[in-house]
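First comes the structure, then the notes that go with it.
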Amino acid sequence: MLTLKYITENTQDVIQRLSKKHFDGESIINEVVALDNLRKSTQMLLDNSSAEMNNLSKEIGVLFKQGKQAEAAAAKEKTTHLKESIKAYDEQLTDIEQKLTNLLVQVPNLPHASVPAGKHAEDNLIERAGGKMPLLPQGAMPHWDLAKKYDLIDFELGVKISGAGFPVYKGKCARLQRALINFFLDNAREAGYLEIQPPYVVNAASGYGTGQLPDKEGQMYHCQIDDLYLIPTAEVPVTNIYRDVILNENDLPIKNTAYSACFRREAGSYGKDVRGLNRLHQFDKVEIVQIQHPDKSYDTLTEMVAYVQTLVEKLELPWRILRLCAGDMSFTSALTFDFEVYSAAQERWLEVSSVSNFESYQANRLKCRFKGNDKKTQLAHTLNGSAMALPRIVAALLENNQTPEGIRIPAALIPYTGFDLID
RNA sequence: GGAGAGGUGCUCGAGUGGUUGAAGAGGCACGCCUGGAAAGCGUGUAUACCCCUAAAGGGUAUCGAGAGUUCGAAUCUCUUCCUCUCCGCCA
């Protein structure tokens, strides 16, 4: 969430920039500012009363030691009303802080100046593109038909075992996915990321830390008995490693990568978007996460985007990078680049990666700070990106590389798959 | 799951109602000393919020978390989370 300090010092600017995200922040921001003033004055009253109480208590202690029972008893009398007002102020303050937090979590992050205006996906800017469009043979099939033809993915079996959106991968497709995971992790390691194996289930505090809670509660699977959530992305456990942590400036940047299965309820999705591998309840993904100094976070974002580009290039997929418009960006992001690959038989661009700078928005919730070389402690910037999400990559690989003889595996993957053709 | 022990600052560790943000040691930082280093000596070493600010300074809260008793709680009571040991179960 945004910091109170920033909001109170840049009120009009905040409202202005929120409007770019099509968020009408006028009333909520003004309420925040008013509540913050109330918070300060209440805190002052509370602090003064507490100070007075502390002094009285010390005096009483001294009087008792000196054996002046009567005077001590008299002093005790005076504490009664103080105690009441302290309790009242304390309750008021707690209440105000609660209200403030409730308001603040409703306010999205501010878009970076370079974010294009716009409301929908059509307003996203194509930053750059590359790769060769494949020439498909006669009778080319979408991946769900290829999956059947070569016995690669059994969607019905998944329905039987779990439900829609939980496909069963078989044979060379299962091996292809395992190969992709290793390929992505090895590349990340070579790019300087530390590999992490995180828990797939997190507590509510972690969900709040990265912003899935409270706003996107319905998107996560929840184990009620234990009050734990299945992770929608490795971003959640990996970023929460740094919750309530004060790093040293010299430790920055922190670069972590993790493979995980991801679980998403995807409530409300339907139609061609969910056909085949396009949208699943469980899928595999390798994530990259960085914690960086605020002065360097945009250079880091550029670096991360360039890194993901090397992946799609090695996979020989037609790709393009979109600079998301303000309206299409996530709640918590300040600047996001999406990667799409072309899935030739579906004739659709599929989102396979999203790389974002959250600036201090997540860090403020996480309380992830660093102590600078100047001894001052400040919020760090967090960034993350998919590198990458598997199912749509698999869909594009299957569709784009189909030949009459079978499905070709791109050269960079062959050492990982151990085969060069699915037939 | 059953029985017991415990959770204190960067670390170890003292502290069972009174001026304790917290002894002591270690670590780290700075200074002195030195030709240089070590040793030694000295100083400093949390976070958040508020007041005042040019700077300095001051106040409040925090000893796993939450609630309570008390004029006063790291110390007492309750709840809860976590860790460790033994038993049980088990990939």
Side-chain angles (χ1 to χ4, degrees), chain A residues 1-9 32-105 197 199-209 213 223-229 237 240-252 254 261 291 360 362-380:
Chain A
M1 56 196 178
L2 300 176
T3 63
L4 258 182
K5 194 169 146 68
Y6 191 84
I7 291 176
T8 52
E9 286 173 3
V32 165
V33 172
L35 267 175
D36 187 49
N37 287 327
L38 188 60
R39 182 189 123 256
K40 286 181 187 173
S41 56
T42 307
Q43 168 124 33
M44 225 191 318
L45 291 168
L46 174 62
D47 285 358
N48 291 341
S49 301
S50 300
E52 208 179 317
M53 180 64 110
N54 287 343
N55 286 331
L56 266 177
S57 297
K58 285 175 194 172
E59 282 171 29
I60 291 169
V62 172
L63 289 173
F64 268 122
K65 266 189 181 156
Q66 294 172 344
K68 299 178 180 168
Q69 305 292 341
E71 288 177 49
K76 268 197 202 180
E77 301 273 314
K78 285 197 277 185
T79 63
T80 314
H81 79 278
L82 257 181
K83 231 181 159 178
E84 281 165 10
S85 47
I86 286 173
K87 195 175 177 202
Y89 291 141
D90 194 36
E91 279 166 5
Q92 281 171 36
L93 190 62
T94 307
D95 184 53
I96 291 165
E97 284 172 344
Q98 184 64 53
K99 281 184 181 150
L100 264 175
T101 307
N102 288 345
L103 290 176
L104 285 173
V105 297
Q197 281 195 351
Y200 289 3
V201 158
V202 296
N203 56 30
S206 294
Y208 276 99
L213 296 174
C223 309
Q224 290 190 340
I225 304 180
D226 299 298
D227 195 21
L228 294 169
Y229 296 85
N240 271 282
I241 293 172
Y242 304 96
R243 171 155 50 87
D244 294 318
V245 166
I246 301 178
L247 297 155
N248 286 318
E249 182 170 346
N250 297 334
D251 296 335
L252 303 177
I254 302 274
I291 317 273
S360 61
Q362 260 185 350
N364 188 35
R365 280 203 193 187
L366 289 164
K367 297 287 169 277
C368 173
R369 291 156 294 176
F370 70 95
K371 195 183 279 275
N373 297 326
D374 57 1
K375 302 282 181 204
K376 288 211 174 108
T377 302
Q378 61 174 311
L379 292 171

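No experiment lies behind these values; they were computed from the predicted model shown. Lettering follows sequence order; numbering is per chain, from 1.
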Just the rounded figure in Å: distance from [atom2] of [N] to [atom1] of [X].
| X | N | atom1 | atom2 | value |
| --- | --- | --- | --- | --- |
| A:His81 | B:C71 | NE2 | C1' | 13 Å |
| A:Ile86 | B:U69 | CD1 | C1' | 16 Å |
| A:Glu77 | B:C71 | CD | P | 10 Å |
| A:Asp244 | B:A46 | CG | P | 19 Å |
| A:Lys76 | B:C71 | NZ | P | 5 Å |
| A:Leu228 | B:C81 | CG | C1' | 13 Å |
| A:Asp227 | B:C81 | CG | C1' | 13 Å |
| A:Asp90 | B:G66 | CG | P | 11 Å |

- Yes or no on side chain to side chain contact (heavy atoms under 4.5 Å, CB included) for A:Leu35 and A:Leu103, after CA distance, side-chain angles and deciding distance? CA-CA 10 Å; A:Leu35 267 175; A:Leu103 290 176; 3.7 Å; yes
- Under the side chain to side chain contact (heavy atoms under 4.5 Å, CB included) test, which residues partner A:Ser85, sequence neighbours left out? A:Ser49, A:Leu82, A:Tyr89
Please give the distance between the [atom1] atoms of [N] and [M] as a whole number of Å.
| N | M | atom1 | value |
| --- | --- | --- | --- |
| B:C33 | B:A39 | C1' | 11 Å |
| B:G4 | B:A91 | P | 29 Å |
| B:C52 | B:U47 | P | 23 Å |
| B:C76 | B:C87 | C1' | 32 Å |
| B:C10 | B:A65 | P | 13 Å |
| B:A5 | B:U69 | C1' | 26 Å |
| B:U16 | B:U77 | C1' | 14 Å |
| B:A37 | B:U75 | P | 47 Å |

- Message: Please encode protein proximity along nucleotides 47-57 of chain B as a string of B, S and -, counting only heavy-atom distances under 4.0 Å.
- Response: SSBSS------
- Could you walk me through whether A:Glu52 and A:Asn48 pass the side chain to side chain contact (heavy atoms under 4.5 Å, CB included) test, one step at a time? CA-CA 6 Å; A:Glu52 208 179 317; A:Asn48 291 341; over 6 Å; no
- Item | Side-chain N or O of A:Asn54 closer than 4.0 Å to phosphate OP1/OP2 of B:A61 | yes
- Query: Any donor-acceptor pair under 3.5 Å linking the side chain of A:Asn364 with the backbone of A:Ser360?
  - Reply: no
- Between the side chain of A:Asn203 and the main-chain N/O of A:Leu228, is any donor-acceptor distance below 3.5 Å? no
- Message: Could you go through A:Arg39 and A:Leu93, starting from their C-alpha distance and side-chain angles, then the distance that decides it, and tell me whether this counts as side chain to side chain contact (heavy atoms under 4.5 Å, CB included)?
- Response: CA-CA 6 Å; A:Arg39 182 189 123 256; A:Leu93 190 62; 3.9 Å; yes
- Message: The criterion is salt bridge (charged side-chain N to carboxylate O under 4.0 Å, His left out); which residues satisfy it with A:Lys5, sequence neighbours excluded?
- Response: A:Glu9
- Could you tell me which residues satisfy salt bridge (charged side-chain N to carboxylate O under 4.0 Å, His left out) with A:Lys99, sequence neighbours excluded, listed by chain and number? A:Asp95
- Nearest-nucleotide wise, let me know which of A:Leu46 and A:Gly61 is further upstream toward the 5' end of RNA chain B. A:Gly61
- Message: Both A:Lys87 and A:Ser50 contact RNA chain B. Taking the nearest nucleotide for each, which residue is further toward the 5' end?
- Response: A:Ser50
- Message: Set out, in order, the CA-CA distance, both residues' side-chain angles and the distance that settles side chain to side chain contact (heavy atoms under 4.5 Å, CB included) for A:Ser206 and A:Arg243, then state yes or no.
- Response: CA-CA 8 Å; A:Ser206 294; A:Arg243 171 155 50 87; 2.9 Å; yes
- Note on the structure: Taking Watson-Crick and G-U wobble contacts under 3.5 angstrom, with | marking pairs to another strand and [ ] crossing pairs, the secondary structure of RNA chain B is written ((((((((.[[[..)..(.....]]]((((((.......))))))((((((.....)))))).[[[[[..)....]]]]])))))))....
- Partners meeting ring pair (Phe, Tyr, Trp, His ring centres under 6.0 Å) with A:Tyr242 (sequence neighbours left out): none
At 4.0 Å (heavy atoms only), tell me whether [X] reaches a base, stays on the sugar-phosphate, or touches nothing.
| X | answer |
| --- | --- |
| A:Ala75 | nothing |
| A:Ile60 | base |
| A:Thr79 | sugar-phosphate |

- Item | Test item: A:Leu104 and A:Ile7 side chains (from C-beta on) under 4.5 Å apart, heavy atoms | yes
